[in-house]
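Input: a single structure, listed below in structure tokens.
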Amino acid sequence: MDWDWDYALSIAPEMLTTGLKVTLQATFAGALVAFALGLVLALGLRAPWSGIRGPVRLIIEFVRSTPLVAQLFFVYYVFPSALGISMSALATGIVVLGVHYAAYTAEVYRSGIDSVPKGQWEAAVALNLSRPRTWTSVVLPQAVRRVLPMLGNYLIAIFKETPQLTLITVVDILGLGRQLGSENFRYLEPITIAGLFFLLVAIPASLVVRRLEHRLGT
Amino acid sequence: MEREPVPAPADAAPAAGDWMIRFDQVVKRFGDLTVLDHLDFHVRAKERVTLIGPSGSGKTTILRLLMTLERVTGGLIEVDGRPFSHMPGRGGLVPANEKHLRVARRKIGMVFQQFNLFPNMDVMRNITEAPVRSLGRSREEAETRGAELLEMVGLADKAHEHPARLSGGQQQRVAIARALAMEPEILLLDEVTSALDPELVAGVQCLLRDIAQESQLTILCVTHEMHFARDISDRVLMFDRGRIVEDGPPEQIFGEPREQRTRDFLQAVIEAG
Amino acid sequence: MMLSFTAPGPLGTAAEVLPYLLDGAVVTVKVALGATPVALALAFIAGLAGCSGSRWARGVSRGYLEFFRGTAVIVQMYWIFYAMPALTGYRLDPVFAGVIAVGLNLGAYGSEVVRGAIAAVPVPQREAGIALNFGPVQRMVRIILPQAWVAMLPPLNNLWIELLKATSLVSVISVADVIAESRTLRNTGYSPLVVMTLVLLIYLLLALIITLIMRMLERRAAHRVGREPPPLLPRRRRRRPPVPVRGEVA
């Protein structure tokens with residue numbers, strides 16, 4: 001069996017539309033959750049009270065040590081019956097992706113916060129800035145700037161993880177490809193198109209991130 | 001120090017009086033920066049030469065070229081009468097390849113400013129690994145010789161210690177033993193006491209002076225310690241901007257330097273303490 | 001497996017489903033153990049090629065890295081298992097396809113770790129190797145790699161856990177791993193809460209075992225290069241000073 005161009009071209013538009021809609025939606029919404037929650041977790045890791053630091057660390061370790069699929073299944077199948085919370089498959093996917101990658105971005109923020117020189121904290125004290133003010137106008141702006149490229153890498157990582165949402169019935173580009181494949185008994189073209197889609201977005205995106213890294217001199 | 005004579009290679013031509021090291025119009029540039037500018041100089045066998053001069057005058061580059069850590073930009077280096085930086089090929093001389101360099105490097109050993117002991121090997125292994133791997137010695141042979149060398153540098157009890165657990169002075173002694181274990185004919189000393197705590201400097205210098213006096217080694221030494229230069233060498237080369245400004249015995253260079261540059265430099269060194 | 005009529009409590013359910021999940025866990029471990037040497041070998045080959053002097057070798061290494069980093073394991077698995085047979089006319093055994101996909105993917109990430117660790121070995125160590133007349137291969141094997149190994153271990157610990165997590169996708173190519181078992185149990189009517197909690201705990205336990213093994217390797221390696229060995233059960237990835245591979249000997 002060889003590559004069938006007619007078939008490939010007939011399914012490509014539908015697949016790409018889905019890919020751009022569902023996949024990118026899940027990516028950006030998931031990343032938004034991950035970037036925001038990650039910052040909260042990072043601040044939790046720096047909390048002055050060990051009663052916060054310890055549990056936050058445990059949560060991060062737990063989320064990082066277990067696979068995304070297991071977490072997706074847990075939230076999708078357990079939450080409705082056990083907690084009475086039910087979300088659409090896509091919303092579940094976005095939340096779980098966001099929480100999963102928050103555990104990674106928390107470390108990223110933390111390294112960014114650690115890399116702000118001690119002199120900056122001391123200067124803030126010398127200027128009599130309040131503690132929250134020091135965080136919001138001195139430390140975090142510098143920390144976030146330093147970690148932007150790393151966050152960019154995680155945005156790409158989240159993008160590549162979105163096909164796992166097919167496992168909780170989200171029809172993204174891979175899910176659609178699988179459907180089309182089983183309908184037509186031809187998997188080669190749809191799966192290859194899905195793979196190329198990810199490759200063609202991820203590789204240029206990582207080049208952009210590398211440029212950014214260069215520009216910010218990290 | 002007792003030292004077995006190194007058997008001369010069968011095709012070794014040069015007789016006594018010939019040059020051990022010859023730099024012929026050597027140029028070395030790093031980008032736009034010219035470090036060595038058509039440099040000519042010779043070192044006779046068993047001569048002990050110290051290179052002095054301000055930082056950036058090209059002294060260390062000479063050692064690095066001889067250790068093949070850098071390649072010449074132009075000109076030719078000969079060691080023991082044979083081309084060193086180059087090898088015969090295509091009807092003339094072409095830049096040396098790795099195979100040629102491995103043969104050429106055989107005669108040369110180097111002690112570094114930062115010791116550069118291998119942290120993944122204990123002291124004895126640091127000394128014996130190269131003789132075993134690169135000279136094809138047996139492990140026992142290399143360890144016997146290693147023990148002798150450790151004895152000589154005063155560290156016989158540290159054979160199975162880890163380098164990181166030694167003081168700077170002890171590490172440098174191991175590095176010296178390691179270089180000698182390869183039975184070089186030429187020993188390059190690159191600011192070997194600059195990284196040591198002041199109280200450890202004298203001991204290492206003393207050791208090197210003894211080695212210099214009792215061995216048949218040709219020594220090229222870069223140092224900022226003028227006493228040591230006077231002690232160890234029978235010839236001093238004063239460098240400035242990639243050229244030799246003055247060349248003479250230590251008594252002349254340190255006693256009655258002829259060149260203004262040399263006087264200025266020595267004055268600056270004395271004032272710096 | 002039948003629906004239970006005695007409607008046991010969560011613990012009773014746990015006791016009923018655990019044997020099935022453990023069967024699946026054994027398959028998960030098998031796939032992970034199969035993929036590990038593949039990933040490790042590829043990581044070293046591509047990592048060494050990435051620091052080689054040959055432009056060509058560096059290019060191939062870079063291409064491998066970008067290709068497999070650019071797509072997700074799940075897509076690669078689908079492709080190897082469902083799409084490739086259309087080209088080759090031959091369908092791979094599912095476990096084998098899973099091992100290959102996970103190995104190829106994690107090998108790509110690993111090659112960056114290997115390359116980075118080699119590049120972080122101080123240049124003077126290489127120069128000392130030249131001064132003692134070691135050949136290029138001897139320098140790499142006897143001097144550079146043993147030192148780079150110490151810097152590699154902590155990131156390899158993380159990657160090994162990522163590898164374990166990546167194996168959780170083999171159920172899409174019909175391998176009966178722990179995730180596949182959990183799906184069957186769920187569909188049979190067992191409480192998803194109990195089943196999925198157990199699944200998460202199994203992965204947690206496996207990740208913990210990985211960390212323990214890597215910790216022991218780290219301690220041995222640190223000891224060999226004369227550094228303070230890190231504690232066996234610390235807070236992972238935290239409060240550890242950056243690996244001081246700078247400066248020859250501390």
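Just so it is clear: chains get the letters A, B, ... in the order the sequence lines come, proteins before strands, and each one is counted from 1. Atom set for the values below is all heavy atoms of this structure, side chains included, hydrogens, waters and symmetry mates excluded.
- Of the charged side-chain nitrogens involved, none lies within less than 4.0 Å of a carboxylate oxygen, so that Glu143(B) and Arg125(B) do not count as a salt-bridged pair.
- Contact of Glu127(C) with chain B is made through backbone and side chain together, with heavy-atom distances under 4.5 Å.
- With 3.5 Å as the limit, one finds no donor-acceptor pair spanning the side chains of Thr73(B) and Arg29(B).
- Interface residue Arg224(C): only backbone heavy atoms are found under 4.5 Å from chain B.
- Heavy atoms closer than 4.5 Å to chain C are found in both the backbone and the side chain of Met67(B).
- The side-chain tip of Arg178(B) points at the ring of Phe118(B) from less than 6.0 angstrom away and within 45° of straight on.
- Contact check on Arg102(B) versus Glu98(B) returns no salt bridge, with no Lys/Arg side-chain nitrogen under 4.0 Å from an Asp/Glu carboxylate oxygen.
- Heavy-atom distances place the side chain of Arg64(B), and not its backbone, under 4.5 Å from chain C.
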